[in-house]
Amino acid sequence: MKKHLAITAFLLTSTSLLAANPLFPEVRTADPAALVVGDTVYLYAGQDEAKDNKTFFVMNQWLGFSSKDLKTWQRHGPLLKAKDFSWAKGDAWASQVIEKEGKFYWYVTVRHASINGFAIGVAVGDSPLGPFKDARGSALITNDMTTDTEIDWDDIDPSVFIDDDGQAYLFWGNTKPRYAKLKASMTELDGPIQKLDLPNFTEAIWVHKKADMYYLSYASGFPEKIVYATSKSISGPWQYRGILNEVAGNSPTNHQAIIEFKGKDYFFYHTGAAQPDGGEFRRSVAVEPLYYNPDGSIKRIIMTSEGLDAVQ
Ligand code: FUB
């Protein structure tokens, strides 16, 4: 009996055994975006508020989380809402936060109130947890700036990458992948919108760099698999390298964030696997280790219920 109590006490206090995938079982989260600042990972995710999996997404705000070991997470609640952009109607879809010179820029997908379709906005704050406020008072990208598709949700899923020379690039898109340079202000385009050539592209671009290789991962097909391409230059050409993550349990969408933290690499994604009510419109964020091969390719992600051990 004494031994049983000791084991129970160990399970309750050992964070490395308690936290698993999905990371935040008490809330539905989607479209993870991770940011490393010093010894902390900040994780931003849209909140899936749909009551069931029958109709469509209900997403009004983005939640913030932070961790120093990827196992014990602090919940910071909503850090930004779609309605914080006065020109937006709602739909807090995928986003990414990036740091430049001590400021934190949060690029978001929202539905525009007066221009048909989805748009990309940017908020700014002085810390990774904000407070954040609309940096422009208007959208950075609107649907009427990209007229080569029939759909009105082609301007979604921003991912911003700052190259070693300080030049920032905004990538985004649904069905048509695009990118443009950003001015030093981070809130204005600097030049034309360019097209990318990526096979079977759906959405969810994430750009990162490892050693001297650029990586562009994205959701492909539908239901979505996360695939990736590599390049020796941020402006391409991009070489398709294959599947990174298979279709995630019980969710036709997927959306990834890739980071290096304390010397190791990690892959955040979402699934519909949470019990009892996870699914297409009630997703949950999870995390797995990510491993590079010596030739720069990435090993296929293995989705697990256990998740990670605590990072020391
Ligand atoms: O969460 C709403 C949309 O579904 C995102 O913008 C896409 O990436 C997909 O996950």
Side-chain angles (χ1 to χ4, degrees), residues 22 24 27-34 43-63 78 80-82 85 88-97 106-112 117-122 139-143 146 149 151-160 170-178 198 200-207 216-228 244-258 267-274 278-286 303:
F24 317 112
V27 66
R28 297 289 162 259
T29 48
D31 306 323
L43 182 69
Y44 308 88
Q47 184 176 359
D48 265 342
E49 296 179 77
K51 294 280 175 272
D52 55 40
N53 289 297
K54 293 189 185 123
T55 317
F56 199 54
F57 301 114
V58 178
M59 303 183 79
N60 298 304
Q61 59 190 11
W62 296 272
L63 305 178
L80 190 66
K81 297 178 173 23
F85 299 89
K89 195 151 73 176
D91 290 327
W93 284 18
S95 72
Q96 185 181 358
V97 179
W106 195 336
Y107 297 84
V108 302
T109 310
V110 285
R111 190 183 287 275
H112 205 286
F118 280 82
I120 291 171
V122 53
L140 176 59
I141 304 288
T142 49
N143 187 41
T146 56
T149 65
I151 60 174
D152 72 1
W153 62 92
D154 55 309
D155 295 295
I156 66 169
D157 293 7
S159 178
V160 171
L170 171 69
F171 291 78
W172 77 99
N174 178 296
T175 63
K176 303 256 185 202
R178 314 172 195 278
L198 300 169
N200 209 12
F201 175 80
T202 304
E203 57 187 1
I205 294 179
W206 180 271
V207 178
L216 191 161
S217 49
Y218 61 97
S220 173
F222 201 85
E224 296 173 348
K225 295 176 184 183
I226 302 301
V227 303
Y228 74 107
L244 195 46
N245 195 26
E246 299 284 356
V247 173
N250 208 21
S251 169
T253 64
N254 204 341
H255 199 116
Q256 76 293 0
I258 296 170
F267 181 90
F268 291 86
Y269 60 108
H270 67 227
T271 80
E280 180 167 10
F281 307 122
R282 294 184 55 75
R283 300 162 291 177
S284 300
V285 169
M303 291 179 273

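All ligand and atom numbering here is 1-based and tracks the order in the structure. Below, each value reflects all heavy atoms present in this structure, side chains not excepted, and no hydrogens, waters or symmetry copies.
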- Item | Contacts of R178 that satisfy salt bridge (Lys or Arg N to Asp or Glu O under 4.0 Å) - sequence neighbours left out | D148, D154, D155

I'd like the atom pairs linking ligand 1 to the protein - N or O on both sides, separation under 3.5 Å - with distances to 0.1 Å.
from, atom 1, to, atom 2, distance (Å)
ligand 1, 1 (O), D31, OD2, 2.5
ligand 1, 1 (O), R283, NH1, 3.3
ligand 1, 1 (O), R283, NH2, 2.8
ligand 1, 4 (O), R283, NH1, 3.4
ligand 1, 6 (O), A94, N, 3.3
ligand 1, 6 (O), D157, OD1, 2.6
ligand 1, 8 (O), D157, OD1, 3.4
ligand 1, 8 (O), D157, OD2, 2.6
ligand 1, 8 (O), H255, ND1, 2.8
ligand 1, 10 (O), D31, OD1, 2.7
ligand 1, 10 (O), R283, NH1, 3.2

- Query: Between W172 and S159, is any side-chain donor less than 3.5 angstrom from a side-chain acceptor?
  - Reply: no

- Item | From CA spacing to verdict: side-chain contact (heavy atoms from CB on, under 4.5 Å), N250, T271 | CA-CA 7 Å; N250 208 21; T271 80; over 6 Å; no

- Message: Once salt bridge (Lys or Arg N to Asp or Glu O under 4.0 Å) is applied, what residue pairs with a partner in residues 47-56 remain, sequence neighbours excluded?
- Response: D48-R283

- Item | Partner residues of F267 under the ring pair (Phe, Tyr, Trp, His ring centres under 6.0 Å) criterion, sequence neighbours left out | Y269

- Message: Please report the interatomic distance OG(S217) to CD1(I205), rounded to the nearest 0.5 Å.
- Response: 9.0 Å

